[in-house]
Amino acid sequence: MTLSTTATPASPKPRPGRFDSDLPQFWIAVAILVAMGIIPAVLGSSYWEHSFQLMNIYIAVTILQNFLFVDAGQKSFGQGVLLGLGAYGFAVASGINDLPVFVGVLTGIVVAVAGGLLFALPALRVQGFHLGFVTLSAAVVFPQLLLQMDSVTQGLNGISMPTPGLSKPLVLGISPLSILCTLLPIAALAFHYGIRNSRLGRQMRTAAESPEAARSLGINPGHMSSLAFILAALGTGICGVLFVPAVSFVTPQSFLMDVSFIFFFSVVVGGRGQLLGPILGILAVFTIPNMLLVDLAEYKPLIYGFITLIVVIVFPDGIVGTIEEARRKRNQTGGGERAFHLSALTNWLNSLPDHAASETREPIISLKGATKRFGSVVAVDRVDLELRPGEIHGLVGANGSGKTSLLNVLNGFSRMNEGSYTFDKRDVSRASAADIARHGLGRTFQNPRIFPAFSVWNNVRVGLDARQSELPKELRAVLDSMRDDYASGLPTLLSHGQRRLLEVVRVALKDSRVVLFDEPAAGLSAEEREEFSSLIWLLSRKLGTTIVLVEHDLDLVWSIADRITVLETGKRIAQGSPEDLAKDPAVQHLFVGGDHAHA
């Protein structure tokens, strides 16, 4: 399926999405990292060799901070703690207790991951900068904790652990340590690039931008944030292990709070989400105060803040982000995005045979006595509702009648205070929204959930990622065509109605057995409404999808619905076929001024 375009020879070239410059940045970053790691060693400058080894380690941590901050949406000010845990885990195990090096390496990584798990726990309860404050407290406490645990860490004396074998030159003055410190940030960069372009990465980004949309696609936002912390902690722990031979000596002073500030400020200064950003960010935030302004070392936190302030004023999106935005504007040759239609999807559906009608017509969803209260307000009041396989079921009523509240009960956003809910003979009364979505339910929202960091194609691909069944061969062929057309299209340039259609296509490709549409026709043009109406009909008749349609356009509902339920102040006041309800005096007030006013 391709969401076809009304392309003309004069159609402007699509603007790239925010992440579409990743590949060029990746190779530029690799070249810079290789130069930083190898050239000082070849030139025989031991000072700059050591300095760039430490910088490369810091760059690797910042890359992981960038992934955690932007792709996973987790605000952490405590990555310096994880670096310290990895370093001290290794140094205590092998430097003090003389355990084999591989045991020490494993210990450092495990200790850092344990710290990441501790950071992940509050992420299940708080988000945004509230989470940042929790991790910041860990950065404040960590050096004091190292001092207090002097029986294990040797306190202020620190741990000396020279590794002359790693510093011995192999060829052209390049040591194994220089090679490791070069490969480490490259590996972190490859991880960031790879996960960003993977199904898991898209799910993490979806959960970060819209937890509601994520749950409706079967994604658990808490699991995504926890996994992101663990992955970042794993990589940061490896950085901590390599930190020990790079400096040969670790003390609590190596992991003061300002180390965590370096990583966070470097992401902001370099450009949030940009692959090249951490390198330029570290060069600006770390090199200037620590190498060029050594005499002002005691003012480092102030210098970090000052540099960040100046860069943010001059480069609002960070150094790389601002340059990339200027480049995109310069390369934009037209004003606007190509039109977005459903014709290709409807053409594919039209080519399918009619779905066999269920002989038993047993309900796929059954609500009995569903009640949802918000304090003293009863949003859903003892509603009984049965949805049959393949039917289009309209849900209408005035504003405040409980339509969206009922949808939230159906997809698990709201749990009932009373009543029972079965989905395909399975009791899901207490199931989470993600569980219900994985069982075969999808939905759209009154305000379309579109992800601006993704291209148009990747916005649709999120629905494909959530699909439980295998793609038909014919559909796969047209999706390949769609990828070619929309791989770099910006969803932010689509109109409100076009964004709605994009969300509709995403939920259709999820291949749910039941789909809840919450006012999907709002903002659509007459042509788009016709396309949408055709899509609803075909999903029902060709794929056997059960449709629940909440819509204020009663003409649309009456033209395609098999049955309609009418709500008023949270109660079901009528239910039946469109023809029967049009004659029902109890619902005549809905038709004032409409085509059915005198039906």
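On a predicted model such as this, the values are computed, not experimentally measured, just so you know.
Within a 6.0 Å sphere centred on CD of Q446, other residues, nucleotides and ligands contribute more than 12 heavy atoms. Atom CG of L145 has more than 12 heavy atoms from other residues, nucleotides or ligands within 6.0 Å.
Heavy atoms only, all atoms of each residue included: R499 and T492 are closest at NH2-O, 2.9 Å. In this structure, P278 and T62 approach most closely via the heavy-atom pair CB-CG2, 3.7 Å. Between S167 and L177 the shortest heavy-atom distance is OG-CD2, 4.1 Å. Between L217 and A466, the closest heavy-atom pair is O-CB, 3.3 Å. Residues L275 and L189 share a closest heavy-atom pair of O-CD1, 3.5 Å. The minimum heavy-atom distance between V285 and S266, with the atom names listed, is CB-OG, 3.7 Å.
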**OP:** For T251 and Q154, run side chain to side chain contact (heavy atoms under 4.5 Å, CB included): C-alpha distance rounded to whole Å, both residues' side-chain angles, the deciding distance at 0.1 Å, then the answer.
**Re:** CA-CA 9 Å; T251 72; Q154 297 186 170; over 6 Å; no
Subject >> side chain to side chain contact (heavy atoms under 4.5 Å, CB included) between M36 and I59, worked out >> reply: CA-CA 11 Å; M36 290 171 59; I59 286 171; 3.7 Å; yes
**OP:** Please assess L200 against M224 for the test side chain to side chain contact (heavy atoms under 4.5 Å, CB included), listing each intermediate value before the final yes or no.
**Re:** CA-CA 9 Å; L200 176 61; M224 289 294 106; 4.0 Å; yes
Subject >> Full working for side-chain hydrogen bond (donor to acceptor under 3.5 Å, both in side chains) between D71 and H192 >> reply: CA-CA 9 Å; D71 295 73; H192 191 188; 2.8 Å; yes
**OP:** Please test S210 against F445 for side chain to side chain contact (heavy atoms under 4.5 Å, CB included), starting from the C-alpha separation and ending with a verdict.
**Re:** CA-CA 11 Å; S210 177; F445 299 85; 5.9 Å; no
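No side-chain donor-acceptor contact under 3.5 Å links R506 to the backbone of G463. Within the 3.5 Å criterion, the main-chain N or O of P40 finds no donor-acceptor partner in the side chain of E49. Between the S512 side chain and the V515 main chain, no donor and acceptor come within less than 3.5 Å of each other. Side-chain atoms of Q25 come within 3.5 Å of backbone N or O of L276 as a donor-acceptor pair. Judged purely by atom type and a 3.5 angstrom limit, S94 uses its side chain to pair as donor or acceptor with the backbone of L99. At distances below 3.5 Å, at least one donor-acceptor pair connects side-chain atoms of T322 with backbone N or O atoms of D317. In this structure a side-chain-to-backbone donor-acceptor pair under 3.5 Å is present from N459 to F451. Without hydrogens or angle criteria, S225 side chain to G222 main chain gives a donor-acceptor distance under 3.5 Å. With hydrogens and angles ignored, the 3.5 Å screen pairs no side-chain donor or acceptor of R202 with any backbone N or O of V462. Using modelled atom types, no side-chain atom of N411 and backbone atom of I436 make a donor-acceptor pair closer than 3.5 Å.
How far OG of S455 is from CZ of R461: 8.5 Å, rounded to the nearest 0.5 Å. Annotation: the span from F255 atom CZ to S260 atom OG amounts to 10.5 Å, rounded to 0.5 Å. In this structure, CG on L407 lies 5.0 Å from CG on D518, to the nearest 0.5 angstrom. To the nearest 0.5 Å, the span separating CD1 on I319 from CG on L280 amounts to 5.5 Å. Between the CG atom in N56 and the CG atom in L184 there is a gap of 8.0 Å [rounded to 0.5 Å]. To the nearest 0.5 Å, atoms CG (L64) and CD1 (I238) are separated by 9.0 Å.
Only one option out of K372, E212, R443, R415 pairs with N408 in a side-chain hydrogen bond (donor to acceptor under 3.5 Å, both in side chains); it is R443.
Counting only heavy atoms from C-beta outward, the side chains of L43 and W48 never approach each other to under 4.5 Å. L479 has its side chain within reach of L464: a pair of non-hydrogen atoms, C-beta onward, lies under 4.5 Å apart. Contact annotation: the side chain of P452 approaches that of E209 to within less than 4.5 Å [non-hydrogen atoms, C-beta and beyond]. By the 4.5 Å heavy-atom criterion applied to side chains, I63 and F191 are not counted as neighbours. Between P491 and L502, some side-chain heavy-atom pair lies under the 4.5 Å cut-off. Residues F69 and Q74 have side chains not in contact (no heavy-atom distance under 4.5 Å, counting atoms from C-beta outward). Counting only heavy atoms from C-beta outward, the side chains of L117 and F229 never approach each other to under 4.5 Å. The side-chain heavy atoms of F90 and P245, taken from C-beta on, include a pair separated by under 4.5 Å.
Under the 30°/60° scheme for interplanar angles, the aromatic rings of Y58 and F243 are found to lie parallel.
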